[in-house]
Each structure stands twice: as structure tokens, then as C-alpha cells.
Amino acid sequence: LGSGAAQPLAWGARLRPSGALRTMTTTDDTTPALELLPGLTSPADLDGMGTEELTRLCGEMRAFLLDSVQRTGGHLGSNLGVVELTVGIHYVFNTPDDKLIWDVGHQCYPHKILTERRGRIRTLRQGGGLSGFTKRSESVYDPFGAAHSSTSISAGLGFDVAHRLQDQPHRVISVIGDGSMSAGMAYEAMNNAGPMNSRMVVILNDNDMSIAPPVGGMSAYLSRLISGKPYLSLRQVGKQLAKRFPKQIEKMAERAEEFARSFFTGGTLFEELGFYYVGPVDGHNLDHLLPILQNVRDAEHGPVLVHVVTEKGKGYAPAEQAADKYHGVARFDVVTGAQHKATPNAPAYTKVFANALVKEAEEDDRIVAITAAMPGGTGLDVFGKAFPDRTFDVGIAEQHGVTFAAGLAAGGMKPFTAIYSTFLQRGYDQVVHDVAIQRLPVRFAIDRAGLVGADGATHAGSYDIAYMANLPGMVVMAAADEAELKHMVATAHAHEDGPIAFRYPRGEGVGVELPEKGEPLEIGKGRMIQEGARVAILSFGTRLAEVMKAAEALEARGIRPTIADARFAKPLDRGLILDLVARHEALITIEEGAVGGFGSHVAQLLAEEGVFDRGLKYRSMVLPDIFIDQASPEDMYAVAGMNAPDIEAKVLEVLGVAQVGQRKA
């Protein structure tokens, strides 16, 4: 290939996608001066460009990306790092017929810019706008949706087999980051794909290693050489010849070839899984990257793993210099890099949890903390600074993290496993098999409970109440405010009789006064908030603040509801619940979770006690049976029908009171 890489690569005519896509809109006048980007409406428009033009285009895309994300917020560093890789893939492969699958999908902004969504890029993560991840319903260029990690190779293999069974010649490209390669699912998929001799291409986007040592000119030359047809053909001939020799010589020949390749590339692990390894390759140098992508596209063997090295935040100094490479940002000033974060009115729940756990750990050296690649997101970076020897980041490996915690508990430690609700789903079998059945005292700190806003349905903590409260022996709590959260951390610390979980949302608390130290709660006991008449509202979690707002509006109508905070979904406070139904004509429960959770457990209790036979009016306010798209949390809860006006309306409905008319003074 040599210097020919600087010329347009010759390949088959690109077919434009069929079917209607969203109509493009133009950007406003504040967009930085762009020459090439405005002329691109789809990847087909890349045809005929040389590497000089493509390099200029990459610069324009970075400028446009920065200008857009500074307005919307979102994942910045990872997207700046894959600009050249995105352009290269769409230039070489025939998308959308060739299927491009992004692992996690948080680095898909350049992909969206190139695939007929540039005019809507400033709606990223906004209500009614583009998703911050890949989404099948959004574009034919998104063949597989994702927002959790390590799914791309499995999905890619599925597409590859589907193509083969339907006699389709299309290629599959799965792009996976080095962080996602810490999850076992990626290796399960590779172990399956290798023996099947699939034609899929896996691109390992390695953005956590130094770019200079492994990706110089010699490395690029070797990668280009070993990905080319002459080498591949020679290698196959050599293998066939070796098979004619006695077994011992054959094995010596195989080992010599493997050693020669791994000496330069380090690809032995992937080769053992059945993948042909190419790399490492400079992911920001199109002269190196494009010929290699062309070679693996045209290769008839498979599967292939291309090791591409990129830099998070590439091209934007504040992101390059930041420790987290500006992984996720709020709206920011592109000149200074300063993020525009609102001044909090109260401490964030995550921070309250972290500080409370540090307090407990200062008095008990058996407390240990576990996170699955989210030390900052879960607040365990704070704990890690205080107790580095007692903090464990297991990587994107929730399954391992849960069983690791089970082992720690069995060994006499007091593990707190802090995992987002939506990520804990990935380790559910371990919660059941390794923790609950053995009644091990693992403490589950479930962050991001309820609806979370801009990340949308994929990150909503909707199901943990149901899937945790269904397990025998599991204690399940939900904090109504930040003070309650401190008490629940203390409760979890003190609890030794089996596993215990407590959930809390993203964002800041309600502004209550925090105790100096949490006090353990009596297991299975709620608390009364307000005495009233006719209707009782039993809240589980932070909807209590909205219940109190609704109560104010109801009192203006002459209705004063009784309000209680359940605190526990399991075990239920039977005494409190049965007392409420004995003194009221109606009971309403409310929770930030799907059907099957707290309200369902209350309904089961009432049915067993024969309460419904006595004419009780019962309603359960839960998240609706739909996936709610991204918006502000307030707007998402409005869709769910769980804000103060919705609670007020529910009370009026159950009491048979008309919602129109003059309020009482």
C-alpha cells in the first residue's frame, strides 16, 4: 500500500440507505466556520476524499462537536477521541449495509454528525431530542442500541451469523473500549466467535495507554503488513505445509510464527480466542489507519481484532489535561473549559452516602467498599482517599463485584457494594445465588434509583425494588431524604443477619438538616409524618417531598391526608400499614419503581388480611409500564404521573372529589 494511503481508497459503490430518515435542519449562525462539514449529509459524501481532506474534516468535526456539547452537556472526552476512527470506518466500510456497532454508545456523537443527524446534534440528551447513545429507532445507521458496556461483540456476532444465514455479504464492525474489555461478556462473545470463523471485525479502542511507544512508524508498517492479503495467504500456506510435517515440527512452526507476531504486537490473548490480531495502530493518523481498515474489510478470513490507540479529549487542551478526560460534562465554556454547574441547594445524595460511609469506617476497620468502574459516580473516590487499602474497583464487572463482596462477607468483612441500580441488573444472578441464598451480609448501596434525566431509559433505576424485595431474607430500604440516607448507611453497617439494600436517587437532597452521625433504624419500621383523615398516603423513597407539596394543595381544598414514610419495602411494617387502613377509607402508596415492587407487596399483605373485603379503596402509584425517554427528571416524572399535581389528582379521584371548582381558603 505504501504512500498510496494518501489517495482515495478504491472500493465498491456505496448504496444509500432506503427508507425515510429524520429531516435535517440547519445549524445556527454561531457555528464555527466550516468548509467541508456542511456539504456532508451522509457517509456516502465521504467518497472520493483523500486523507488530507479527511484530516481537515476531522478538525471541523471536533470544532463542531465542542461548540455543540458546550451547549447541551454530555460525554465529551470519549467523542473527541474517536473522530478519526469514526471517519475512517464510515469511509472504508459501506454503512448502513455494513453494520457498525458502538459499545456503550457514549462515543457516538461524531457518528451521529456523519449519519444525517448533524442538524439535530444540539438536541442531544434533551427532551424530544437525540439520545446520548445509539438507538435503533433513531436511525438506520444505529443497528443496535446500547448504553451499558460490553455488548457490542455479542451483538456483532449475531449480525454476522444473520448475514451468513441469509447469504448477505455485509460486514460487521464492533467498536469496544479498553474499559469495556474488563467485562466477562466481551470474552464470552470472543470465545464463541473465534471457532465459528466469523468475518466480523472488532476494533479495540484503547484510550488509556501512552500513544507514543507502541504506535510509531514501525508498528504501523507491521500492522499494515500483517493485515494484508499477501501475509495472510503466506501464513495460510505455511500452516498447511506445517501440517505435513511430524507433529513436533508442526507445533514448533506454529510457536515460532506466534512468537514472531506477538513479539511486535502482543496479540497472543486474542489469538488464543480465535481472533487475528492487528495493532497497535495510531487512531489519530489516517495514513496509518485507513489502509489497515481497508485490509481487514477485504480479508476473507476472520474474525479480526484491530487494536487502535486513541486519546480521550484529543484536540481540546482542557479535556486532554483533565484526569477524567472530560468523560461527562455539564454545559461549559469552550474557551476556558469551565463547566456551568448550578449551585446546589443541598448536598447530593451520593456525597451524603460517601461521607456517611467514611464516618462508619473510621470506627470499624472491617468495612470495605466495592465499585464497578464508577468510583466518582458512586462517591467511593471519597472513601478511597480515606481508606485506599479498603477500596476495590473491580472494573466493569458487576457480576464479579457482587460475588467478590460475598466472599468478603463470608470472610468476616463488612462489604458495601455501591452500584447504580441499572448496572446492578447485570449482577442479579450473583445477588441471588451467591448472596441471598447464603444469607451473607453484603450491603448494597443502590445509587441512581428512579428516573435519572438526560441518560434516559437505559440508566433509569426502575426495577431494583421489585427484583431485590422478591428475594427471601433481603432487607430493602429507600431514603426519603438525605438525613434518612445517613441513618440507612448506619443501619446497613449494623445489620449482620443477611443482605441489606438501600436506594437513593441522583442529584441533590431536599435540604433537611443532617445529623452528625447516622443512627441505626429498627428493621421493618416506618415513621409517621402527618396525621390526617379519610385518606392515607404511604410513601417509599424520595417522592415524599412531592407528597408533602400535594398535601398543601389538598389542605386548601379541606382535605388533610395522613402521611407516612414506609422506609422499608421488605420487611413491611405490618403494624403501621394495618393501622392506616383501619383508620382510613383509602390508602395510596407511591414509589419510584416499576410495578411489582413496594405497592405490590403492600397489596399482597392487604389481600392476605382480607382488608379489601371490608371495602378499602387502594391505589398504588408506580412508574408506568413504558420506557421513558430522556428529559429533565421533573419532566420524566410528569410523564410517569408522579409529581405533586398527579398525587393531588389521585387523592381526589380515590375520594370521589371533583377536581374543578373553587379551592377553600
Side-chain angles (χ1 to χ4, degrees), residues 370 372 398-447 449-450 461-479 487-504 520-526 538 540-541 565-578 589 591-611 620 622-623:
I370 301 161
E398 291 83 3
Q399 294 169 295
H400 161 61
V402 171
T403 304
F404 174 52
L408 283 164
M413 302 303 288
K414 297 181 178 180
F416 279 77
T417 305
I419 301 178
Y420 291 3
S421 170
T422 186
F423 295 157
L424 186 57
Q425 295 162 186
R426 297 158 63 99
Y428 187 59
D429 180 61
Q430 287 67 34
V431 173
V432 177
H433 182 269
D434 299 330
V435 176
I437 290 177
Q438 302 188 87
R439 292 190 63 84
L440 289 170
V442 174
R443 290 88 174 160
F444 293 97
I446 304 177
D447 203 333
S462 306
Y463 313 110
D464 60 89
I465 304 173
Y467 69 65
M468 296 297 268
N470 284 338
L471 298 178
M474 180 71 71
V475 175
V476 180
M477 303 181 286
H487 296 317
M488 289 181 182
V489 173
T491 305
H493 174 208
H495 187 68
E496 296 281 1
D497 185 22
I500 188 169
F502 54 98
R503 72 191 312 256
Y504 47 96
L521 305 173
E522 183 178 353
I523 298 297
K525 294 297 180 182
L538 182 58
F540 181 67
D565 174 17
R567 280 178 166 164
F568 293 85
K570 190 168 189 180
L572 290 173
D573 189 339
R574 295 172 59 92
L576 172 64
I577 295 169
L578 294 177
T589 62
E591 64 192 287
E592 296 152 312
V595 65
F598 172 67
S600 296
H601 283 258
V602 172
Q604 180 71 19
L605 169 63
L606 299 179
E608 289 176 349
E609 295 292 327
V611 174
S620 180
V622 297
L623 295 178

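When reading the values below, keep in mind they use all heavy atoms of this one structure, side chains included, and skip hydrogens, waters and symmetry mates. Everything numeric here is computed off the predicted structure, so don't read it as measured data.
Side-chain contact between Pro441 and Lys414 is absent, with no heavy-atom pair separated by less than 4.5 Å. Between Met477 and Val475 the shortest side-chain heavy-atom distance falls below 4.5 Å. Contact annotation: the side chain of Val442 never approaches that of Ile500 to less than 4.5 Å [non-hydrogen atoms, C-beta and beyond]. Annotation: side chain of Arg567 is in contact with side chain of Met488 (closest heavy-atom distance under 4.5 Å). Residues Met468 and Leu424 are in side-chain contact: their nearest non-hydrogen atoms beyond the backbone lie under 4.5 Å apart. Proximity of Leu538 to Phe598: side-chain heavy atoms (C-beta onward) are separated by under 4.5 Å at one or more points. Between Leu605 and Arg574, some side-chain heavy-atom pair lies under the 4.5 Å cut-off. Proximity of Asp447 to Ile419: side-chain heavy atoms (C-beta onward) are nowhere separated by under 4.5 Å.
Between Phe416 and His493, the angle of the ring planes lies from 30° to 60°, which puts this pair in the tilted group.
Between the side chain of Thr491 and the main chain of Leu521, a donor-acceptor pair closer than 3.5 Å is present. Listed for the Asp573 side chain is a donor-acceptor partner under 3.5 Å among the backbone atoms of Gly526. Gln604 places no side-chain N or O within donor-acceptor distance of the main-chain N or O of Ser600, the cut-off being under 3.5 Å. A side-chain donor-acceptor contact under 3.5 Å links Arg443 to the backbone of Ala492. At distances below 3.5 Å, not a single donor-acceptor pair connects side-chain atoms of Gln438 with backbone N or O atoms of Val435. With hydrogens and angles ignored, the 3.5 Å screen pairs a side-chain donor or acceptor of His495 with a backbone N or O of Asp497.
Taking CZ of Phe444 as the reference point, atom CE of Met474 lies at 5.0 Å (rounded to 0.5 Å). Tyr420 OH to Ile446 CD1: the interatomic distance, rounded to the nearest 0.5 Å, is 14.0 Å.
Residues Ile370 and Pro415 share a closest heavy-atom pair of CD1-CB, 4.2 Å. When all heavy atoms of Phe568 and Ile523 are compared, the pair lying nearest together is CZ-CA, 3.7 Å. For the pair Gly599 and Thr589, the tightest heavy-atom approach, listed with the atom from each and the gap, is CA-OG1, 3.7 Å. Between Gly596 and Asn470, the closest heavy-atom pair is O-OD1, 4.3 Å. When all heavy atoms of Ile465 and Ala569 are compared, the closest pair comes out as CG2-CB, 4.2 Å. When every heavy atom of Ser421 is checked against every heavy atom of Asp464, the shortest pair comes out as OG-OD2, 2.6 Å.
Here Tyr467 and Tyr428 bring their ring centres to under 6.0 angstrom of each other.
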